[in-house]
There are 2 protein chains.
Amino acid sequence: MNLKKLRHVVVLAEQGNFARAADKLNLSQPALSRSISGLEDELGMRLFDRDQAGATATAAGRQLITRARDLLYAANNLKQEMAQLRDGESGQIIFGAGPFPAASFLPAVLTELASNYPRMRTVLEVNNSDTLMEHLLAEKLEFFIADTRSLRPDKHIQLRPLTRQTGGLYCRREHPLTLKAKLSLQDLQSASYASVYLADIFMPAMRKAFGLESGQDLPLVTTCDNIYVLKHVVRHSDAILLCTQAAVAEELGSGELIELKADGWQTMQAEIGVVSLARRSLSPMAELVLARVAAHV
Amino acid sequence: MNLKKLRHVVVLAEQGNFARAADKLNLSQPALSRSISGLEDELGMRLFDRDQAGATATAAGRQLITRARDLLYAANNLKQEMAQLRDGESGQIIFGAGPFPAASFLPAVLTELASNYPRMRTVLEVNNSDTLMEHLLAEKLEFFIADTRSLRPDKHIQLRPLTRQTGGLYCRREHPLTLKAKLSLQDLQSASYASVYLADIFMPAMRKAFGLESGQDLPLVTTCDNIYVLKHVVRHSDAILLCTQAAVAEELGSGELIELKADGWQTMQAEIGVVSLARRSLSPMAELVLARVAAHV
DNA sequence: ATTCATTACGCGTATCGTAAGGATG
DNA sequence: CATCCTTACGATACGCGTAATGAAT
């Protein structure tokens, strides 16, 4: 007994005639005849009485048909549900992002997803890479998008490079340093900074960029993984925001924030990539999200 | 997508390993592998992530599995239900019987069915042949068992002979005619009778048996299709019961009723048979009932 | 080397379509 | 003879098992 034969039974009962039913099933009439009598043999009962007028379901046939209808309906639903899942028309995707992606391209991606796939639930966790990695390994996230430089290679982890974002120093228009024609590393060293949480691995590079000795600390006054919070701090204080350009593109455009450039300052680059579990395939929805991300990068 | 593949998915998810799942499915491991990846291709999604540890369902896989379980459960129920229907372990059979079968072998048949097939619903309509025929043609009955002599041949009707029952005249022990050594047709003519409803077609034969002219009426005082009612009348009056011997076997055995025999009286015989629709097959339950009937005849 | 899974290949069964064969009005 | 359904027969597709292959520890 399989779904195909059940469908044959149902359609035959509806049409009351082998030829019409076979036609509707895209089947030759003898094939339908065999299919039905095969099922009858299997069940050990007549399901239809045949005569020149056509076919009429027996009592057993009628009982089978009502149940078979339910079964076929459920099977159809299942198929549709799977198709929706595949096409991102339903279902849920949980992923993570570091502060820079979350502040640059991801808002636009989420906006697009929300309008084009209204039935798809998207959950985004914005956090620092360490926490994201922890959650990924616990399978709380399907993947995350973040600066991948601090990630140590791991065979359980799969890394897909996405884009580079150039870093910079950004301050408010009224910042004292904007008055100077030229800035030196000395000027930068004496300023105070706002930045996302920086992994220890970055510290040597940062000290080098700022011309600091290995014992000296970076002049960070505000650390927060939420770029929007940092932006607020920088707009209303003399702290300088240390982040990627893409994360402040809007404020640079409106003139709210201004980039500071100093002689000898080495521009740094964030390597934004997709991090996922090596032994877990990405769901169709995840692939869909990543495709939209790629389009917005 | 078919039930077989759904079962494969469910068992694989349960076992978490192709080899064990294949074993449980009585399948070779490569066959299961092909089955799963075939379904994955069909649905356009990965359902399982594989590695050396085994197979783990993806989000889509997990969703499929929960629905597939329901579907397989329903399909199994359907199969069992059909088997029960076939074996008479459930379901309903509605059939009819004339007064003579109802008073002779049918009580024993119904008793046996009730104890051996307690989950089978049996509905018996006891009535005269004309009414039974009407109900059969309206498909209110699946078949009926009755005296078939009055039935005119009809291509829509199928007739299966079952048994003959010899007719006779039965009265109570205290009946005046029992005092006479020998009875003549004259004696019978002056008595009064109780009988089931007799079709017009029988009248000439009855008149002949009683030695009556074609104008004369049969001396019937009580007509009822319920033999038990007639028996009561006969036990408490001088009416003579005209029926088959089988219908009064018990009362003859206990001596409550006595058979009257008259010179020149021609014994009549009821032709008991099964009447069903020619273009409707009998259900397995009907066949079961008829098999038990045959054993009791 | 062992333990997973997949791919290759040959085979048997199931299912199909065409064509021929009843049965029935 | 027209209209049903069933049987016969050859072709195809599908699913299976065995054996070979691949990947990972």
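These numbers come from a predicted model, not from an experiment. Each chain gets a letter, A, B and so on, in the order its sequence line appears, and its residues count up from 1.
Here the side chain of B:R62 pairs a donor or acceptor atom with the backbone of B:A57 at under 3.5 angstrom.
Nucleotide D:dT7 holds its P atom 14 Å from the CD1 atom of A:I36, rounded to whole Å. Put simply, NZ on A:K5 is 16 Å from P on D:dC14, counting in whole angstrom units. When the C1' atom of C:dA14 is taken as reference, atom CG of A:L39 falls 14 Å away, rounded to whole Å. Taking atom CG on B:L27 and atom C1' on C:dA5, their separation rounds to 15 Å, with Å as the unit. The distance from atom CZ of A:R50 to atom C1' of D:dC4 is 12 Å, rounded to the nearest whole Å. Atom P of nucleotide C:dC4 and atom CZ of B:F48 are separated by 16 Å, given to the nearest angstrom. Distance CG (B:L32) to P (D:dG15): 13 Å, rounded to an integer number of Å. Between the P atom of C:dT15 and the CG atom of A:N2 lies a distance of 6 Å, rounded to the nearest Å.
Using a 4.0 Å heavy-atom distance criterion, B:G38 is classed as making no nucleic acid contact.
In the model, A:S104 has a side-chain atom that pairs as donor or acceptor with a side-chain atom of A:Q165 under 3.5 Å. Between the side chains of A:N2 and B:N2, not a single donor N or O lies within less than 3.5 Å of an accepting N or O. No side-chain donor-acceptor contact under 3.5 Å links B:Q15 and B:N17. If you check the side chains of B:S283 and B:E142, you find a donor sitting under 3.5 Å from an acceptor. For the residue pair A:D49 / A:T56, no side-chain donor-acceptor distance below 3.5 Å is found, with atom types taken as modelled.
The stretch residues 9-26 of chain B touches DNA chain D through B:N26, each having a heavy atom under 4.0 angstrom from the strand.
Checked against a 6.0 Å centroid threshold, the rings of B:F95 and B:F144 do not count as neighbours.
In terms of heavy-atom proximity, B:S35 sits nearest to B:H8 at OG-ND1, 2.6 Å.
At C:dA5, none of the side-chain N or O atoms of B:S33 fall inside 4.0 Å of OP1 or OP2 (strictly under the cut-off). In terms of phosphate contacts, A:K4 brings no side-chain nitrogen or oxygen within less than 4.0 Å of OP1 or OP2 of C:dA14.
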Between the protein and nucleotides 18-25 of chain C, list every N/O to N/O distance that falls short of 3.5 Å.
{"residue": "C:dT24", "atom": "O3'", "partner": "A:Q52", "partner atom": "NE2", "Å": "3.3"}
{"residue": "C:dG25", "atom": "OP1", "partner": "A:Q52", "partner atom": "NE2", "Å": "3.1"}
{"residue": "C:dG25", "atom": "OP1", "partner": "B:R279", "partner atom": "NH2", "Å": "3.4"}

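Taking 4.5 Å as the limit, some side-chain heavy atom of B:E40 sits within range of a side-chain heavy atom of B:S37.
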